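Note that the structure is a prediction, hence the values are computed from the model and not measured. We count ligands from 1, going down the list as the structure has it; atoms in each ligand are counted the same way. What's counted below: heavy atoms across the whole structure, side chains too, no hydrogens, waters or symmetry copies.
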Amino acid sequence: MKAHDGLYIDGAWRPAATTEVIEVVNPADEQVIAHVPAAGAPDVDAAVRAARAALPAWAATPPAERAARLAALRDALVARKDEIAETVTAELGSPLQFSQAVHAAVPIAVAGSYAELAATHSFEEKVGNSTVLHEPVGVVAAITPWNYPLHQIVAKAAPALAAGCTIVLKPAEDTPLTAQLFAEAVHEAGVPAGVFNLVTGLGPVAGQALAEHPGVDLVSFTGSTAVGRQIGAAAGAAVKRVALELGGKSANVILPSADLARAVHVGVANVMSNSGQTCSAWTRMLVHRDRYDEAVGLARTAAAKYADRIGPLVNAGQRTRVRGYIEKGIAEGARLVAGGPESPCEKGYFVSPTVFADVTPAMTIAQEEIFGPVLSILRYDDEDDALRIANGTVYGLAGAVWAGDAAEAEAFARRMDTGQVDINGGRFNPLAPFGGYKQSGVGRELGAHGLTEYLQTKSLQF
Ligand code: NAD
């Protein structure tokens with residue numbers, strides 16, 4: 001796509017008040033592919049004012065009409081699916097096939113699910129002598145990361161639109177072109193001017209100005225726990241609603257009765273996909289001591305298959321960070337069985353698929369989110385030990401359990417402190433609530449649970 005040199009505010013592309021720009025770099029070859037505006041506080045203010053002005057009419061629009069706009073948005077995304085995949089590949093670096101199958105296809109499914117939910121959700125209910133109204137929260141500030149650039153946007157914008165909220169989006173610095181494509185799709189879908197606004201810019205400048213703007217009613221943030229903590233504190237001080245989707249360090253628990261080869265194969269694929277830049281990735285594999293050596297051998301073989309298939313990391317800083325964790329793993333005594341800190345290519349921010357064995361729960365690589373293609377394999381003695389290790393981090397975003405039968409895996413999953421668990425390789429469900437326990441976040445996205453985040457209730461007593 002051709003980058004816009006403006007911001008999408010009040011239904012049109014407008015020049016930014018500043019001349020500052022962000023360079024967009026292709027992480028596979030380190031070439032600059034575009035420039036977009038780095039908005040400042042006056043631009044953010046203009047966008048919030050537009051969203052505020054559009055709120056009363058959009059909030060009063062019948063849900064069936066909002067559903068029709070969302071269906072048109074889904075169709076606009078479908079019409080542009082190849083362009084979306086190519087754009088994500090250009091600015092994030094993920095292999096084109098993955099961009100098509102995941103980065104383009106999942107947001108289309110999510111947009112479709114909210115077209116359906118807007119049409120069918122009960123925005124009113126009777127409770128005894130009361131009528132309870134589910135009304136839009138108001139103006140939403142959506143701040144998103146780069147790792148699933150379109151999905152993270154749609155997971156906020158689609159339910160907000162369905163609820164009757166208006167939106168200002170501040171996407172990640174590394175992936176603004178996908179956000180511009182989304183704004184074009186919103187425009188084509190006939191969403192009224194001011195209902196959706198896009199400001200590209202730096203987190204500590206545009207992001208912070210947006211999160212702290214008094215004209216915003218709800219801040220919905222996806223990103224790192226460090227920034228989430230700041231946003232949560234500012235929102236608390238202003239008594240503003242806040243939703244936080246943060247980091248993870250999820251466990252893939254392989255119980256002794258499991259099909260080991262399948263569990264290890266799927267587990268390695270899960271960690272290596274999107275170059276490990278998935279907040280819900282199962283980066284800790286827990287294996288019973290009797291099957292440990294076999295699992296390590298299987299993981300080494302599985303990881304080797306990704307050596308020439310994996311995309312780069314998103315930027316040089318992320319590569320430095322991931323290599324630092326690999327070096328730390330070696331220094332703390334973990335056994336490197338695949339990959340390592342050396343660069344596999346001269347150009348591009350690549351890191352080899354890396355597997356560590358003999359990882360103990362206290363090691364840094366078993367506790368901190370790495371956000372790269374790095375798997376840690378830990379040994380457990382019995383189920384209680386496995387549960388202690390699985391639950392033994394500050395995070396609780398996702399996880400997996402494998403066992404000979406689903407009931408055994410489910411019994412274990414019920415004891416895990418985490419927001420979602422895949423049982424024996426259960427498929428992603430775009431209608432199931434997604435979000436974290438503990439420091440992985442506050443609130444839920446997707447499906448009906450995601451919609452209610454954008455609603456507030458009013459009770460009328462008769
Ligand atoms: P980040 O926190 O640095 O940035 C996320 C967004 O916040 C970006 O748009 C950025 O510009 C903005 N931002 C940065 N500083 C800000 C500030 N002071 N005020 C307001 N906005 C600010 O995170 P990242 O590096 O882009 O993404 C990686 C992190 O995101 C990982 O920790 C990952 O686990 C997490 N993540 C979580 C989920 C989830 O659903 N739980 C999904 C994807 C990514």
Side-chain angles (χ1 to χ4, degrees), residues 22 27 36 38-39 41 44 91-92 102-103 106-107 110 141-156 168-176 178-179 198-213 216 219-235 240 242-250 271 274-283 313-322 325 368-372 393-399 418-420 428 432-446 450 453:
I22 295 173
V36 299
V44 169
E91 60 183 0
L92 177 67
V102 177
H103 291 299
V106 172
V110 172
I143 301 177
T144 55
W146 42 263
N147 62 336
Y148 287 85
L150 186 58
H151 171 67
Q152 308 288 6
I153 291 171
V154 173
K156 297 186 191 309
V168 179
L169 167 67
K170 206 302 283 172
E173 292 84 334
D174 289 300
T175 53
T178 305
L198 168 67
V199 285
T200 49
L202 303 177
V205 182
Q208 194 166 333
L210 179 59
E212 293 178 354
H213 198 292
V216 165
V219 185
S220 180
F221 170 82
T222 298
S224 60
T225 300
V227 176
R229 201 172 274 128
Q230 278 179 39
I231 287 181
K240 233 179 240 183
V242 65
L244 304 170
E245 294 287 348
L246 308 176
K249 192 72 194 174
S250 299
V271 174
N274 214 37
S275 304
Q277 303 167 122
T278 304
C279 48
S280 54
W282 313 327
T283 50
L313 299 184
V314 72
N315 58 39
Q318 198 67 15
R319 182 181 55 183
T320 303
R321 196 184 115 118
V322 171
Y325 274 113
E368 295 185 15
E369 183 176 58
I370 299 173
F371 232 55
T393 76
V394 297
Y395 294 113
L397 188 56
T418 191
Q420 49 268 309
F428 172 70
F434 181 92
Y437 279 29
K438 302 193 280 184
Q439 289 184 28
S440 287
V442 176
R444 292 291 178 271
E445 294 197 314
L446 304 183
E453 295 282 332

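At a 4.0 Å cut-off, at least one heavy atom of Gln152 sits close enough to ligand 1 to count as contact. Residue contact annotation: Tyr148 has no non-hydrogen atom under 4.0 Å from ligand 1. Proximity of Gly441 to ligand 1 is not established, as no heavy-atom distance is less than 4.0 Å. Residue contact annotation: Ala211 has no non-hydrogen atom under 4.0 Å from ligand 1.
Summarising the contacts of atom 39 (C) of ligand 1 with Ala206, Cys279, Ser280, the nearest heavy atom is found in Cys279.
For atom 12 (C) of ligand 1, the nearest protein heavy atom (residue, atom name, distance) is Ile143 CG2, 3.6 Å. Of all protein heavy atoms, the one lying nearest to atom 25 (O) of ligand 1 is Trp146 NE1, 3.3 Å. Regarding atom 34 (O) of ligand 1, its nearest protein heavy-atom neighbour is Glu369 OE2, 2.6 Å. Remark: minimum distance from atom 18 (N) of ligand 1 to any protein heavy atom is reached at Gln230 OE1, 3.4 Å. The nearest protein atom to atom 17 (C) of ligand 1, hydrogens excluded, is given as Gly203 O, 3.5 Å; this is a heavy-atom distance. Remark: minimum distance from atom 35 (C) of ligand 1 to any protein heavy atom is reached at Gly223 O, 3.0 Å. Closest protein heavy atom to atom 1 (P) of ligand 1: Ser224 OG, 3.6 Å. With hydrogens left out, the protein atom closest to atom 5 (C) of ligand 1 is Thr222 O, 3.7 Å, a heavy atom.
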**Request:** Assess whether side-chain contact (heavy atoms from CB on, under 4.5 Å) is satisfied between Leu244 and Ile231, documenting all intermediate values.
**Result:** CA-CA 9 Å; Leu244 304 170; Ile231 287 181; 4.3 Å; yes
**Asked** So Leu169 and Thr144, side-chain contact (heavy atoms from CB on, under 4.5 Å) or not? Walk me through it.
**Response** CA-CA 8 Å; Leu169 167 67; Thr144 55; 3.7 Å; yes
**Prompt:** Yes or no on side-chain contact (heavy atoms from CB on, under 4.5 Å) for Phe371 and Ser224, after CA distance, side-chain angles and deciding distance?
**Reply:** CA-CA 10 Å; Phe371 232 55; Ser224 60; over 6 Å; no
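Considering backbone and side-chain atoms together, Gly207 places no N or O closer than 3.5 Å to any N or O of ligand 1. Residue Thr225 places no N or O, backbone or side chain, under 3.5 Å from any N or O of ligand 1. For a threshold of 3.5 Å applied to N or O pairs, the pair formed by Leu246 and ligand 1 contains at least one separation below that value.
If you look at Pro171 next to ligand 1, the close heavy atoms, those under 4.0 Å, all belong to the backbone. When non-hydrogen atoms are compared, ligand 1 lies under 4.0 Å from the backbone of Thr144 (N, CA, C, O) but not from its side chain. Proximity of Glu173 to ligand 1, defined as any heavy-atom pair under 4.0 Å, is confined to the side chain (atoms from C-beta onward).
Less than 4.0 angstrom separates atom 27 (O) of ligand 1 from at least one non-hydrogen atom of the protein.
Checked for salt-bridge contact, Lys156 and Glu445 meet the test: a charged N lies under 4.0 Å from a carboxylate O.
Side-chain polar atoms of Glu369 and Tyr395 form no donor-acceptor pair below 3.5 angstrom. Inspection of the Thr393 and Lys249 side chains reveals no N or O donor paired with an N or O acceptor under 3.5 Å.
Proximity to Asn147 (heavy-atom distance under 4.0 Å) selects the following atoms of ligand 1: 43 (C), 44 (C). Of all atoms in ligand 1, listed by their number and element, those nearer than 4.0 Å to a heavy atom of Pro145 are 26 (O), 27 (O), 43 (C), 44 (C).
For Tyr148, the side chain to side chain donor-acceptor pair (under 3.5 Å) partners two or more places apart in sequence, or in a different chain, are Thr278.
For the pairing with Asn147, the side chain to side chain donor-acceptor pair (under 3.5 Å) check across Gln277, Gln318, His103, Gln152 returns one residue only, Gln152.
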